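Below you'll find the structure, written out as structure tokens, and then a few comments.
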Amino acid sequence: TYLPGRIVGGSEITTRQLLAHTSGLQEYLPSLPLYNIASYPSNELKIQEMLDSAYNVDQLIGYINSRPLATTPGSTFSYANSNYVVAGEIIAKVTDKPYAKNIEERILQPLGMKHTYFPGTDRNLPEPAARGYQDMSDPRVGGSAAMDMATYNGSQVNASGEIVST
């Protein structure tokens, strides 16, 4: 195993299972504080905190580990962003560089993709930028309409989707 003792069930989970979403890891996003609507005095404050909240990979791994395995590794398909966060950590461990740096050096630069990058905690997209919208009527989030997510803090999703291409 590449991450001994770092991931719940890690000694039983293979890299293939992570990438095939058969690891048994549960989705970590519902563990983030932003999903606890009862702790916010209003939906507007909740949505603003969601956009502002920054996380490092150790915090995300903590949220992943806060949820027990849903199934025995290798037995069941279940999409979870947790798999990609862990895969990003394996890349970092094996190469001794952050996963984003690996993708930049091994894929983006050789392909000349100058307008594709990993924002980390930077919430400011360069202009011009396409606007993405999220249906905030999801009861887990507590909003009531579509919201422009162009200022969303990508550190919350890490290797599962923080890349931006303009």
Side-chain angles (χ1 to χ4, degrees), residues 1-39 46-47 49-111 113 116-123 132-143 149 152-165:
T1 179
Y2 293 104
L3 303 171
R6 182 113 157 95
I7 306 298
V8 62
S11 62
E12 305 167 40
I13 298 171
T14 67
T15 304
R16 180 182 295 262
Q17 290 166 344
L18 288 169
L19 298 176
H21 295 278
T22 59
S23 68
L25 292 175
Q26 293 191 51
E27 178 61 66
Y28 74 93
L29 290 172
S31 296
L32 296 179
L34 65 94
Y35 281 90
N36 184 3
I37 192 164
S39 67
K46 179 179 183 61
I47 292 168
E49 180 167 323
M50 181 186 74
L51 294 173
D52 291 344
S53 295
Y55 295 90
N56 63 46
V57 71
D58 291 329
Q59 290 172 300
L60 299 181
I61 296 289
Y63 288 119
I64 291 168
N65 288 334
S66 74
R67 302 172 71 83
L69 290 177
T71 61
T72 302
S75 66
T76 307
F77 172 84
S78 180
Y79 182 90
N81 289 299
S82 303
N83 292 301
Y84 291 126
V85 172
V86 174
E89 272 300 275
I90 290 173
I91 291 169
K93 173 79 172 186
V94 169
T95 64
D96 203 30
K97 290 183 194 174
Y99 84 94
K101 190 72 171 160
N102 275 283
I103 293 173
E104 288 168 355
E105 291 175 355
R106 295 171 183 245
I107 299 171
L108 303 181
Q109 289 172 1
L111 293 175
M113 298 178 73
T116 300
Y117 67 102
F118 295 87
T121 58
D122 183 359
R123 295 177 36 220
Y133 293 86
Q134 172 70 39
D135 178 4
M136 301 308 275
S137 63
D138 182 333
R140 294 174 298 170
V141 177
M149 299 299 285
Y152 180 74
N153 191 317
S155 71
Q156 296 176 17
V157 291
N158 191 269
S160 70
E162 81 172 307
I163 195 166
V164 172
S165 190

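This chain uses plain numbering: 1 for the first residue, then up along the sequence. Quantities reported herein were computed from a predicted structural model and do not represent experimental measurements.
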### Query
Does any N or O in the side chain of Gln17 come within less than 3.5 Å of the main-chain N or O of Thr14, such that one atom is a donor and the other an acceptor?
yes
### Summary
Closest non-hydrogen contact found for Asn56 with Asp58 is OD1-N, 3.0 Å
Could you tabulate the donor-acceptor pairs under 3.5 Å formed by side-chain atoms of residues 96-103, not counting sequence neighbours?
unit_1 : atom_1 : unit_2 : atom_2 : d
Lys97  : NZ     : Glu105 : OE1    : 2.5
Tyr99  : OH     : Asn158 : O      : 3.2
Tyr99  : OH     : Ala159 : N      : 3.4
Tyr99  : OH     : Glu162 : OE2    : 2.4
Asn102 : OD1    : Arg106 : NE     : 3.1
Asn102 : ND2    : Thr95  : OG1    : 2.7
Asn102 : ND2    : Lys97  : O      : 3.3
Asn102 : ND2    : Pro98  : O      : 3.2

### Query
Quick one: side-chain hydrogen bond (donor to acceptor under 3.5 Å, both in side chains) partners of Asn153, sequence neighbours excluded?
Ser155
### Message
Between Gln156 and Ser53 (side chain of the first, backbone of the second, donor and acceptor by atom type, cut-off under 3.5 Å), is there such a pair?
### Response
yes
### Query
Looking only at heavy atoms, what is the nearest atom pair of Leu19 and Ala87, with distance?
CD2-CB, 4.1 Å
### Query
Leu25 and side chain to side chain contact (heavy atoms under 4.5 Å, CB included): which partner among Val85, Asn81, Ile13, Thr71?
Ile13
### Beyond-backbone contact of Tyr28 with Val86, side-chain heavy atoms, under 4.5 angstrom
no
### Task
Under the side chain to side chain contact (heavy atoms under 4.5 Å, CB included) rule, what do Asn65 and Ile7 come out as? Steps first, then yes or no, please.
CA-CA 6 Å; Asn65 288 334; Ile7 306 298; 4.2 Å; yes
### Task
Show your reasoning for whether side chain to side chain contact (heavy atoms under 4.5 Å, CB included) applies to Leu18 and Ile90.
CA-CA 10 Å; Leu18 288 169; Ile90 290 173; 3.5 Å; yes
### Task
Would you give the length of the straight line joining atom OG1 of Thr76 to atom CG of Leu69, rounded to the nearest 0.5 angstrom?
11.5 Å
### Message
Within this structure, what is the OG-NE2 distance for the pair Ser78 and His21, rounded to the nearest 0.5 Å?
### Response
9.0 Å
### Summary
Closest non-hydrogen contact found for Ile107 with Pro110 is O-CD, 3.4 Å
### Query
So, does Ser160 use its side chain to make a donor-acceptor pair with the main chain of Tyr84 at under 3.5 Å?
no
#### Entry: Heavy-atom side-chain contact between Arg67 and Ser82 under 4.5 Å
no
### Query
Hey, is the main chain of Ala80 close enough, under 3.5 Å, to the side chain of Asn83 for a donor-acceptor pair?
yes
### Query
Just one of Ile64, Ile61, Val94 clears the side chain to side chain contact (heavy atoms under 4.5 Å, CB included) bar with Glu89, so which one?
Ile61
